[in-house]
Amino acid sequence: MSLDTLTITEEHYEQLKKATFRSDGKEGAAFLLCGRSKIKNEIWTGKKEERFLSREVHLIPDEEIISSSTADVTFKHETYLKILKLAEEKDFAVALVHSHPKGHLYFSKTDDVGESGFFQLASNRNGSKRPQLSLIIERNENLIARVWQNNKTRPIALIRVIGKRITLHYEGKHTQLSKEEFARQALAFGPALNNDLQRIKVAVIGCGGTGSPTAMLLARLGIGNILLIDDDLVEKTNLNRLHGSSASDVKNKKSKVEVVKNAIQAMELDTIVKTIKGTVESKECQDALKSVDLIFGCTDDHLGRMILNRIAYCYLIPVIDMGLAIKVQENTSPPILQTLDGRITYLFPNEVCLLCRNVINPKKAYAETLRKNNPQEYEKQVKEEYVEGEGNPSPSVVTFTTDLASMAVTELIDRLQGFRGEHSGAAERRRKYITCEERRTGAAARSECPVCSNKKYHGRGDMIPFLDISL
Ligand SMILES: [Zn+2]
Ligand SMILES: [Zn+2]
């Protein structure tokens with residue numbers, strides 16, 4: 001059996017709430033056009049998953065509403081047929097959204113009969129076999145949804161409402177008993193957080209100085225499913241900061257993902273860890289990346305960050321990207337520190353992307369692609385100074401890489417649970433270790449930015465090539 005899930009941006013969710021909860025207390029309805037992410041091989045289960053990704057809200061104009069009561073709403077189909085046409089052109093799916101102002105969180109008999117006829121009509125008119133969705137927003141903001149296909153329904157197992165906060169809707173969120181191992185954190189944040197953590201699937205991209213402590217903390221926190229991606233083997237110079245590693249891993253040529261996975265499994269917290277020894281831009285990572293609910297960007301390379309930057313917007317998968325900057329004055333011995341800063345950036349539609357924040361340097365991303373694809377041409381261009389060479393290794397110290405990982409994982413807790421209240425939701429935080437300060441850093445999106453300014457990629461889902469990047 002395949003799995004169906006739905007991701008809605010906070011912005012769209014607010015629009016849908018406004019459209020479906022009418023001021024007169026009666027039911028309202030609206031449409032949500034959804035991009036599609038078809039996962040052939042979900043990395044934890046090996047099953048198929050389809051994710052529907054909110055892209056545009058379409059309101060039903062008043063003149064199309066035929067009748068509305070506290071239990072029912074009927075309308076003409078003009079807007080609906082227009083959206084269906086849009087969906088056919090781009091392989092999108094359409095969700096019919098309505099409210100249950102009286103508060104029942106189930107599809108009523110009226111819903112069953114009404115939707116069956118409604119969706120059948122569309123299939124007949126358009127000859128479409130594509131899935132269509134129905135979503136109910138209940139009075140207390142609980143959500144349920146289902147897929148209609150070939151006049152049959154199947155439930156949507158998970159609905160994510162994602163923006164400044166990450167809110168998950170699934171069966172058992174408030175009733176499941178959380179495990180004793182995590183009882184102490186439930187005392188601080190409540191049991192629902194533990195259930196969310198157990199439920200979500202998180203990727204850690206890069207398992208080095210920041211990635212290895214991030215993965216360890218995620219496992220201790222009770223994340224049920226962790227995916228580790230890194231191409232490197234453990235080297236002697238990693239031992240100062242790679243959590244879980246030992247000198248024998250260097251001798252035995254162990255990969256970083258293997259070492260981190262083994263360390264997590266040794267905790268015996270039932271974490272399901274999947275690994276890919278490879279680079280994030282490789283083809284084998286595509287389905288795996290699409291399978292996760294959140295990504296920690298712990299990579300240093302510009303090409304890797306470029307991929308993650310696009311995934312956040314195209315697939316509505318939030319990315320918490322992190323970076324440590326240690327700079328010393330040139331030609332001084334002993335070194336004199338100029339900068340010692342940690343940064344975390346939260347990427348999602350409505351936030352400014354890493355390109356606009358100058359975290360990604362497109363020229364360096366190009367050089368990295370060339371080095372991988374055509375090493376000879378790369379060497380030639382370095383000599384001719386067309387591209388920059390790799391330079392010296394960067395300084396790195398375990399206390400700072402680990403602190404940064406902790407800062408990033410704490411950000412995840414806040415996004416899910418909201419303990420910071422009005423202090424939540426900074427798109428970027430910088431910790432300055434020399435002066436013991438923490439700052440929220442703002443940035444403006446560039447009007448020409450293809451990723452964050454232009455909405456054409458937001459919730460777009462599958463494209464050819466993947467993420468519209470030719471590598
Ligand atoms: Zn209903
Ligand atoms: Zn941008």
Side-chain angles (χ1 to χ4, degrees), residues 9 16-17 19-22 25-32 60 65-75 80 95-119 132-148 153 155-156 159 169 297 302 305-319 321 343 345-365 427-428 441-460 467-469:
T9 64
L16 289 171
K17 263 194 321 193
T20 58
F21 283 91
R22 295 162 44 123
K26 292 173 181 169
E27 272 192 32
F31 294 105
L32 183 64
I60 300 167
I65 306 278
I66 300 166
S67 71
S68 172
S69 71
T70 54
D72 192 16
V73 56
T74 55
F75 46 87
Y80 177 47
L96 168 65
V97 186
H98 76 283
S99 65
H100 279 178
K102 285 203 276 188
H104 50 291
L105 191 63
Y106 55 86
F107 288 95
S108 65
K109 281 270 176 298
T110 315
D111 292 332
D112 290 345
V113 175
E115 286 176 10
S116 168
F118 183 75
F119 289 128
Q132 303 202 67
L133 275 66
S134 165
L135 169 70
I136 294 174
I137 308 178
E138 169 264 3
R139 185 178 55 196
N140 300 316
E141 299 203 25
N142 293 305
L143 308 179
I144 49 164
R146 62 182 174 183
V147 179
W148 280 91
T153 65
I156 296 249
I159 305 171
H169 300 266
H302 293 261
R305 281 210 176 102
M306 196 116 113
I307 304 283
L308 302 185
N309 197 46
R310 288 213 176 196
I311 284 181
Y313 297 83
C314 292
Y315 284 100
L316 308 185
I317 297 173
V319 173
D321 185 70
R343 168 194 59 82
T345 311
Y346 182 80
L347 300 174
F348 198 73
N350 283 351
E351 301 292 9
V352 178
C353 84
L354 292 180
L355 281 166
C356 295
R357 289 180 178 276
N358 292 322
V359 173
I360 297 172
N361 179 336
K363 277 188 193 155
K364 287 191 176 163
E428 187 170 277
T441 34
R446 292 185 201 126
S447 59
E448 76 283 4
C449 178
V451 180
C452 69
S453 288
N454 187 328
K455 289 207 170 179
K456 77 170 180 172
Y457 287 142
H458 297 191
R460 179 68 180 79
L467 300 170
D468 206 18
I469 298 180

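Keep in mind it's a predicted model, so treat the numbers as computed, not measured. All residue numbers refer to positions in the sequence shown, counting from 1. One-based numbering, in listed order, for ligands and for the atoms of each.
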Quiz item: What's within reach of the Zn ion (ligand 1), meaning protein N/O/S atoms under 2.8 Å?
Solution: H98 NE2, H100 NE2, D111 OD1, D111 OD2
Exercise. Would you give the angle at the Zn ion (ligand 2) between C449 atom SG and C452 atom SG, to the nearest 10°?
Key: 110°
Quiz item: Just wondering, do L354 and D321 contact through their side chains at under 4.5 Å, heavy atoms?
Solution: yes
Self-check item: Candidate pair E27 and S99, rule side chain to side chain donor-acceptor pair (under 3.5 Å), full reasoning
Solution: CA-CA 6 Å; E27 272 192 32; S99 65; 5.4 Å; no
Quiz item: If you stand at the Zn ion (ligand 2) and look out to SG of C356 and SG of C353, what angle do those two lines make, to 10°?
Solution: 120°
Quiz item: Out of curiosity, H104 NE2 to I136 CD1, how far, rounded to the nearest 0.5 Å?
Solution: 6.5 Å
Quiz item: Using the ring of each side chain (for Trp, its six-membered ring), is F118 parallel, tilted or perpendicular to F31, with breaks at 30° and 60°?
Solution: parallel
Quiz item: Are T74 and S67 linked by a side-chain donor-acceptor pair shorter than 3.5 Å?
Solution: yes
Exercise. Please report the shortest heavy-atom distance between L308 and G297, naming the atom on each side.
Key: CD1-CA, 3.7 Å
Self-check item: Main-chain N/O of T153 paired to R146 side chain as donor or acceptor, under 3.5 Å
Solution: no
